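Here's the structure we're looking at; comments come further down.
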Amino acid sequence: MTKPQADKPTSKWLLVLFWLYVLLPLLWGVSATIRKALALFA
Amino acid sequence: MATDFFSKAHITARPGFSRWLVPPAALAVHLCIGQAYAFSVFNDPLTRLIGISEPAADDWKLTSIGWIFSLAIVFLGLSAAFAGKWLEKVGPRLTMFVAACCFGSGFWLSALGVYWHSLWLVYLGYGVLGGIGLGLGYVSPVSTLIKWFPDRRGMATGMAIMGFGGGAMIGAPLAVALMDYFKTAQSLGVMETLLVMGGVYFISMMIGALTIRIPPPDWQPIGWRPAEVSQKMISTAHVHIDQALKTPQFYLLWLVLCCNVTAGIGVLGQASVMIQEMFKGSVTPAAAAGFVGLLSLFNMGGRFLWSSASDYLGRKNTYSIFFAVGALLYALVPSAGMAGDKLWFVLLYALIMSMYGGGFSTIPAYLADIFGTRYVGGIHGRLLTAWATAGVLGPVLVNYLREYQLAQGVAKADAYNMTLYIMAVILLLGLSCNALVTAVHEKHHLKHNDFDELDGIYPARSEQAGAAHD
């Protein structure tokens with residue numbers, strides 16, 4: 001049997017939280033890479 | 001039942017589900033598996049597991065360790081190619097779940113290999129199991145994204161595949177930080193780091209698997225209707241996975257991807273050495289590492305920007321830009337090197353790398369345009385054998401040509417010039433293949449009365465307008 005799911009709209013908070021969950025580590029990685037890349041022009 | 005939990009019926013979205021939850025679910029997987037490109041941070045510690053401060057006689061050699069990454073890439077290509085049909089049948093949740101199990105347990109088995117100092121266990125762990133996780137994880141969300149974003153296929157796949165480019169940027173500093181945390185006088189902390197990373201990646205990929213949803217067969221975005229006038233290069237029909245292999249378009253697109261990746265991957269691997277030899281004395285190893293980091297940023301950014309732009313430019317035009325402009329840029333690099341213009345050299349390479357990344361992210365949307373959306377995940381998986389081929393061809397070509405040039409007495413600073421011109425020729429070959437890509441002949445299309453054995457429905461159902469979600 002397929003589990004019934006509610007027909008309510010996706011919460012905006014859930015959307016924001018999930019995007020932050022993936023984007024924050026990515027921004028951390030990008031900033032670390034930019035710091036390393038600056039050595040090229042030092 | 002557990003099998004029901006993974007079924008397509010169970011993960012079919014209900015009205016009200018926001019399609020904008022799907023890209024982060026895909027990113028949660030791709031940001032993890034993108035760690036593969038950062039595996040080299042383990043290379044040096046793995047050569048000093050016994051000696052700690054310096055390699056001991058019984059320590060593993062760097063050449064043996066190099067096989068771990070190569071094996072992972074080979075198994076990425078094999079699993080993506082062979083699991084394509086299964087993926088379309090079972091849906092993205094089960095595929096992501098299996099990918100998470102393989103990738104996570106690959107790390108754990110490797111940790112055991114480090115603990116017992118058994119390189120074969122590391123080969124089996126990260127190389128084989130991890131590689132299968134990579135391949136399944138890479139292709140699993142692609143067709144789902146294309147089905148959720150028929151209006152912006154390029155942007156949707158660009159978001160996920162950008163994650164694969166960005167995964168190394170998280171994986172490398174994370175591994176370094178963890179090894180620093182766990183290291184002691186008797187250990188470099190590699191085993192503990194592999195255990196923790198395996199756990200973190202397993203959980204993150206499972207979050208993606210639990211969040212992913214597929215659209216109902218008759219779903220379309222609010223206010224969007226497929227073009228009334230049929231566009232020649234965007235098919236509304238579908239081609240079966242096996243039938244796609246019988247079309248010339250599949251092989252032309254295989255060559256298109258292979259040429260684009262061969263040209264990029266060959267020089268990417270040599271970027272650090274190349275800039276130091278071309279600008280001898282003015283570029284330190286630290287600055288060269290910064291150059292490689294900058295290329296990674298452009299590689300990642302290009303994945304999103306170029307594939308998003310392809311929604312407006314058209315897939316064929318976008319690839320024509322990659323090949324024509326890319327060939328010109330490769331041909332200009334030697335002159336920048338000879339003129340000693342570092343900024344120009346870096347800018348040329350950055351643009352080249354953005355197009356290299358763009359090639360990866362634009363190809364799924366190109367396949368969806370040519371073969372339809374129904375089997376695009378499986379067809380994409382089979383096309384990724386071009387990536388595995390280029391992964392071998394590119395570095396071999398660059399290394400062989402460099403050695404040949406040096407043997408002929410060419411100065412180190414000039415040894416790359418011939419290679420760069422040959423890369424430009426490879427891109428021109430890709431341009432010719434791309435020019436030959438046309439719409440698939442009707443005889444290959446899935447007919448209305450062809451029963452679809454993958455999910456038991458008729459393809460015509462998916463072309464009717466239906467309930468809308470955002």
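Here the structure is a predicted model, which is why all the values come from computation and not from measurement. Letters go in sequence order (proteins before strands), and every chain restarts at 1.
- When heavy atoms are compared at a cutoff of 4.5 Å, B:Ile170 approaches chain A by way of both its backbone and its side chain.
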Apply side-chain contact (heavy atoms from CB on, under 4.5 Å) to B:Leu294 and A:Lys36, showing your working. CA-CA 8 Å; B:Leu294 193 73; A:Lys36 206 166 78 171; over 6 Å; no
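- Side-chain contact check for B:Ser18 versus A:Leu15: some heavy-atom pair is nearer than 4.5 Å.
- Contacts between B:Val346 and chain A at a heavy-atom distance below 4.5 Å involve the side chain alone, from C-beta outward.
- Contact annotation for B:Thr211: only side-chain heavy atoms (C-beta onward) come within less than 4.5 Å of a heavy atom of chain A.
- Side-chain contact between B:Phe17 and A:Pro9 is absent, with no heavy atoms from C-beta onward closer than 4.5 Å.
- Taking CE from B:Met169 and CG from A:Leu27, the interatomic distance works out to 11.0 Å, rounded to the nearest 0.5 Å.
- Residue B:Ala25 touches chain A through both its backbone and its side chain, counting heavy-atom pairs closer than 4.5 Å.
- When each of B:Ile275, B:Leu27, B:Leu21 is checked for heavy-atom pairs under 4.5 Å with chain A, B:Leu21 comes out on top.
- Taking chain B as the reference chain and counting heavy-atom pairs below 4.5 Å, the highest number among A:Val22, A:Leu14, A:Leu23 is found for A:Val22.
- Looking at heavy atoms from C-beta onward, B:Met300 lies in side-chain contact with A:Leu26 at the 4.5 angstrom threshold.
- A:Phe18 is not listed as a side-chain neighbour of B:Trp20, based on a closest heavy-atom distance of 4.5 Å or more.
- Looking at B:Leu295, there are no atoms closer than 4.5 Å to chain A (heavy atoms on both sides), in backbone or side chain.
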